[in-house]
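Worksheet: one structure, shown below.
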Amino acid sequence: MIKKVSVNTLQKYKDNGEKFSMLTAYDYSTAKYFDEAGIDVLLVGDSLSMVILGYDSTTKVSMEEMTVFTKAVARGANRAFIVADLPFMSYHTSLESALTNAGSMIKNGANAVKIEGCSEHILNVVKRCTESGIPVMGHLGFTPQFLNTIGGYNIQGKSYDSTLAILEQAKKLEQAGAFSVVLEMVPEECARYISENLNIPTVSCGAGRYCTGQVLVSDDMLGKYSDFKPKFVRRYADMKSLILDAAKQYDFDVKNGKFPADDEVYTLPEDELKQLELHRGAKC
Ligand code: KIV
């Protein structure tokens with residue numbers, strides 16, 4: 001029997017000083033392979049807005065679109081804990097709609113939701129979701145849904161004061177009930193200080209080595225998304241080249257009669273074939 005990863009498993013990693021792995025996943029097969037590989041957390045990230053749907057930021061993806069991908073990932077994973085991003089503006093307008101949308105992600109297969117920021121409203125959302133049985137992962141530092149107010153892909157927490165400010169936000173999220181917090185694009189000393197002063201696990205997304213978890217966008221680490229590569233991404237594969245080479249070879253084979261080959265076609269039984277040969281050329 002496979003033991004499913006839970007919020008308790010992730011907390012144990014933190015308590016025991018161990019690490020957990022997290023990758024984004026958007027489709028059934030990838031979720032299945034990551035699950036089989038032992039990845040602990042699958043994030044249906046709103047990064048899919050850019051890497052899957054080709055929008056120019058994460059703010060464009062809708063609840064409906066996020067739901068389709070969450071369902072697909074849930075069908076593929078048995079062991080991994082599934083976190084679904086709540087998309088931009090799906091949890092900001094009212095507490096009620098935030099709860100409805102968070103609940104909908106759980107009903108569609110997620111085990112938790114992730115939301116960005118730390119305003120009073122966000123803290124209320126975290127509190128109400130947690131009270132309702134919906135685990136919430138926070139997201140601080142660089143928060144892509146705030147791209148237009150931040151003004152660019154800028155590193156956050158670059159000073160003592162801003163490190164303290166992020167720690168204060170993280171503590172508020174923890175108090176509100178968040179089970180974990182992603183720290184994105186902050187110096188590792190900042191992430192280390194924050195992690196050391198929290199009881200819940202932190203997850204580094206370009207925040208260095210001292211968080212309990214590490215997360216990467218899978219299309220970045222697999223070398224599939226190639227529009228840009230942040231400094232903190234390590235490429236573990238070159239899927240762009242694999243896909244390009246395969247597509248070029250296929251194009252060549254089709255155009256030169258090399259695909260399909262004998263063993264890639266269905267054939268008629270011999271007696272049927274004979275009849276067909278006899279009537280070949282005759283009009284039907
Ligand atoms: O949407 C996403 O993929 C994320 C990660 C970068 C943490 O939020």
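One-based numbering, in listed order, for ligands and for the atoms of each. Please read these numbers as outputs of a predicted model, since none were measured by experiment.
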Short question: side chain of H92, backbone of F88 - any donor-acceptor pair under 3.5 Å? no
Ligand 1 N/O within reach of T24 N/O, cut-off under 3.5 Å: no
Quick one: look at T58 and ligand 1, take heavy-atom pairs under 4.0 Å, and tell me if it's side chain, backbone, both or neither. neither
Thinking salt bridges, do R79 and D35 make one under a 4.0 Å N-O criterion? no
Top protein contact for atom 2 (C) of ligand 1, by heavy-atom distance: S47 OG, 3.3 Å
Measuring only between side-chain heavy atoms, which start at C-beta, is N111 closer than 4.5 Å to V83? no
Could you tell me whether K32 and E36 make a salt bridge, using a distance below 4.0 angstrom between a side-chain N and a carboxylate O? no
Does ligand 1 have any atom that is closer than 4.0 Å to a heavy atom of E116? no
Out of all atoms in ligand 1, which are within 4.0 Å of some heavy atom of K114? Include the element for each. 4 (C), 8 (O)
Measure the distance from atom 6 (C) of ligand 1 to every protein heavy atom, then report the residue, atom name and distance (to 0.1 Å) of the closest one. C205 SG, 3.6 Å
Answer yes or no: is there a side-chain heavy-atom contact under 4.5 Å between H139 and E184? yes
Looking at C211, is its backbone amide N or carbonyl O close enough to the side chain of K19 to form a donor-acceptor pair, meaning the two atoms are under 3.5 Å apart? yes
Under 4.0 Å from one or more heavy atoms of G45, ligand 1 contributes atoms 1 (O), 2 (C), 3 (O)
Per-atom contacts of ligand 1 with D85, taking only distances under 4.0 Å to non-hydrogen atoms: 1 (O), 2 (C), 8 (O)
Residue, atom and distance of the protein heavy atom nearest atom 4 (C) of ligand 1 read L43 CD2, 3.6 Å
What part of L48 sits under 4.0 Å from ligand 1 if we count only heavy atoms: the side chain, the backbone, both or neither? neither
Between F81 and F179, how do the two ring planes meet: parallel, tilted or perpendicular, split at 30° and 60°? perpendicular
Is the F228 ring parallel, tilted or perpendicular to the Y153 ring (thresholds 30°, 60°)? tilted
Counting only heavy atoms, which portion of V217 has something under 4.0 Å from ligand 1: side chain, backbone, both, or neither? side chain
